[in-house]
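Here's the structure, in structure tokens; my notes come after.
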Amino acid sequence: MTASMQGEILPAIYRFKLGGFEITTIMDSYVIRAGLMPSFGGEAAAAEVKALAVANRIDTDRYFHPFTPMLVNTGKQLVLIDTGNGSLSAEFEQLKGRLVPGHLVARMAQAGYKPEDVDVVAITHGHPDHIGGLTKAGQPVFPKARHVFGAVDFDFWKKGENVREARKFNRELYVKICLPLAERATFIKPGDEVVPGIRAVDAYGHSPGMLAFHIESEGKRLLNWADTAGQYAVSLQRPDLHLDVDDDKEKASASRLRIFDMAAKDSVMVAGFHMMPFPGLGWVEKSGSAYRWVPHSYQLNL
Ligand SMILES: [Zn+2]
């Protein structure tokens, strides 16, 4: 008798030490998206992007797109950065088939944490895959947590001015999910601390007020750059290309260049919500006039 086929297994939880902090990255879920073209660079760059996909051995018609929240235990506080898709696809008719259910809470349990253990939830920006896990049926999923939003991003989505057509529903979601959390929230700007050791960095553009978070303990550093890169190969190799999901395209490009340059020059380790391979940790190296992604190889566990 031969063994039966058991189906796919993907790694979805990873934990490592950063100085005195313990960091856990969790793959909330993933989707398979249609090819990188024309999302990256539009029709005008389609041939170039297709060639890039081939050169990086990425299927030209489909690519894997993960969602990766992060937990930072500073020893004093447990901080969750972004929340994944939650139950959005079940709760909102418009999102059925477009988003997938998130597994963050179940995987947190596997990693040893309950929702009530979370002291602080910090949101990088207001897109559905980052705020979706904040509430379930209108109730906060992390009942004891102080919530932290970027002041500029919160204002943008709250006011709802200059929201482009493709993001109108995103704005509705934001109003439903995030506005009621304001009473348990603090609002920060680049340079401000979330908690000691975690500081906000200007990553404006992809969402008008997106924040990255610089995490530092005992001289060890990590930059969680949120969605500064939409994809590990093409975003690094062609940071100039506009991305369809960037809300302020010029600002997003400028932030990419500035943050990639800083990450490369400072040799700082990076984590990204959509970076690969899981756990989405690595380094940025200058390569010609652009950059390349060097994924970490368990060097953190030596
Ligand atoms: Zn995202």
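Just so you know, ligand 1 is whichever comes first in the structure, and atom 1 is the first atom listed for that ligand.
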Inset, instruction - Describe, in one word, how the ring planes of W293 and W225 are oriented to each other, choosing from parallel (under 30°), tilted (30 to 60°) and perpendicular (over 60°). - result: tilted
Inset, instruction - Determine the interplanar angle of the H296 and Y14 rings, folded into 0 to 90°, and report it as parallel if under 30°, tilted if 30 to 60°, perpendicular if over 60°. - result: tilted
Legend entry - Y30/H65 aromatic ring centres below 6.0 Å: no
Inset, instruction - Tell me whether V163 is reachable from V175 by hopping between hydrophobic residues (I, L, V, M, F, W, Y) whose side-chain heavy atoms are closer than 4.5 Å. - result: yes
Inset, instruction - Could you walk me through whether Y232 and F64 pass the ring-ring contact (aromatic ring centres under 6.0 Å, His included) test, one step at a time? - result: CA-CA 11 Å; Y232 75 97; F64 187 100; over 10 Å; no
Legend entry - the Zn ion (ligand 1): protein N, O or S atoms that are less than 2.8 Å away, sorted by chain: D129 OD2, H130 NE2, D227 OD2, H274 NE2
Inset, instruction - Measure the spacing between OH of Y174 and CG of D153 and express it to the nearest 0.5 Å. - result: 5.5 Å
